[in-house]
Engineer: 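Below are the structure tokens for one structure; questions will follow.
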Amino acid sequence: MPRYSNDMKTSVKIGKGIENLFGTFDENLKLLERCLQVSTHLQDETLEIEGESTSVARARRLVEEYTDLVEQGARFDQGEVQSFLRILFEDPDATLKGLTEAGRPRTFGKKVIAPKSANQRRYVNAIETHDMVFGIGPSGTGKTYLAVALAVDALLTKEVSRIILARPAVEAGERLGFLPGTLQEKVNPYLRPLYDALYDVLDPDRVERYLEKGIIEVAPIAFMRGRTLNDAFVILDEAQNTTSEQMKMFLTRLGFNSKAVITGDITQIDLPAGRRSGLMEAVDVVRNVEGLSFVYFSERDVVRHSLVQRIIRAYEEYDLARAAELKPEARNSKIET
């Protein structure tokens, strides 16, 4: 019997090829139950679903769409199913059929990549449809990686003729002057994550060839001054560590037939005390400028180890608790003055 007036129970007929939807040891089925707050029971060739009527309807639609697609010849691996499930749970309007048509993994260079969350999907769509996109959120959410993959795809399909990857060389506890080597050798450690993303998407030989010919350029943001970047895909990473002047300079470099993606995490600012982050200022200044897109990520979009999500959440809770503790002190100091 239904537990509440709006609870319902339904049965869905399933066929061959449904195993990947359930997952190893039914882990995907358990994920479906947890996220949609339903209970399921598999019996012969039917799946019984029970719970709140809206959730049951969503679960039923998902299973029926999956069955129909498999019968039509679609094939899903385990990773795909989990990625699609995450997106479907976060976006009630999304459909499995729509995701298989628009969100299927695509080949970028040597890598097959697909959005793994609803925000990643919005991010990819935003980059494809806008000339300038801001991706803001914690590390591990795929902001830089997806941007590099899309930049490589644009280069290989000749939508642009070059890729420019920039980062502020901010001294986060280290001193550049004490590092050995030339200026380029000093700043290279700060640019390493951009190289890592490139080598993961493209064959090393091709990366080296493109770097030598200047088709791909990796440089500190200071090297952007005085340039107009035409026919280019430009990525500014770690933008939270730009100054106001650097951010304004970067945003005004965009030339004809170019795209710019700005990524950053406003919770990890390494600028000296008293300096406002150029990224935070840009959000306030250009928020309503037509043609821009802002995509915000959270710990739910982290695609690293599940432990990373919990660590990010713990830091956020700690920061909120610290802010609450400091508020009375701030009020008292005002009263004393």
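Position 1 is the first residue of the sequence, and the numbers go up from there.
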Engineer: Do Y296 and F134 have their ring centres less than 6.0 Å from each other?
Structural biologist: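 Ring centroids of Y296 and F134 are no less than 6.0 Å from each other.
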Engineer: In plain terms, say whether E317 and R322 are close enough for a salt bridge, that is, a side-chain N and a carboxylate O under 4.0 Å apart.
Structural biologist: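 The answer is no: the pair does not qualify as a salt bridge.
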Engineer: Are more than 12 heavy atoms, taken from residues, nucleotides or ligands other than I266, located less than 6.0 Å from that residue's CD1 atom?
Structural biologist: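 No - once you tally the heavy atoms of other residues, nucleotides and ligands closer than 6.0 Å, there are 12 at most.
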Engineer: Under 3.5 Å, is there a donor-acceptor pair between the D265 and S139 side chains?
Structural biologist: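 No.
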Engineer: Should we say atom CZ of R227 is surrounded by more than 12 heavy atoms from elsewhere, each under 6.0 Å from it?
Structural biologist: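 Above 12, so yes.
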Engineer: Is any NZ, NE, NH1 or NH2 atom of the basic residue among E245 and R225 found under 4.0 Å from an Asp or Glu carboxylate oxygen of the other?
Structural biologist: no
Engineer: Rounded at 0.5 Å granularity, tell me how far CD in E217 sits from CZ in F223.
Structural biologist: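 So the gap between those two atoms works out to 8.5 Å.
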Engineer: So, K259 side chain and I127 main chain: donor-acceptor pair closer than 3.5 Å or not?
Structural biologist: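 Side chain of K259 to backbone of I127: a pair is present.
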Engineer: Taking the basic N atoms (NZ, or NE/NH1/NH2) and the acidic carboxylate oxygens, is any pair closer than 4.0 Å for R276 and D284?
Structural biologist: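 Counted as a salt bridge, because a side-chain N and a carboxylate O are separated by less than 4.0 Å.
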Engineer: Of L155, I163, V152, which is the lone residue that meets side-chain contact (heavy atoms from CB on, under 4.5 Å) with Y210?
Structural biologist: L155
Engineer: My understanding is that only one of V234, V218, I216 makes a side-chain contact (heavy atoms from CB on, under 4.5 Å) with I164; could you say which?
Structural biologist: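 Single pass found, and it is V234.
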Engineer: Let me confirm one number: the CG-CD distance from N125 to Q120, rounded to the nearest 0.5 Å.
Structural biologist: 12.0 Å
Engineer: Within the 3.5 Å criterion, strictly below it, is a donor on S244 or E281 matched to an acceptor on the partner's side chain?
Structural biologist: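 A donor-acceptor contact under 3.5 Å links the two side chains.
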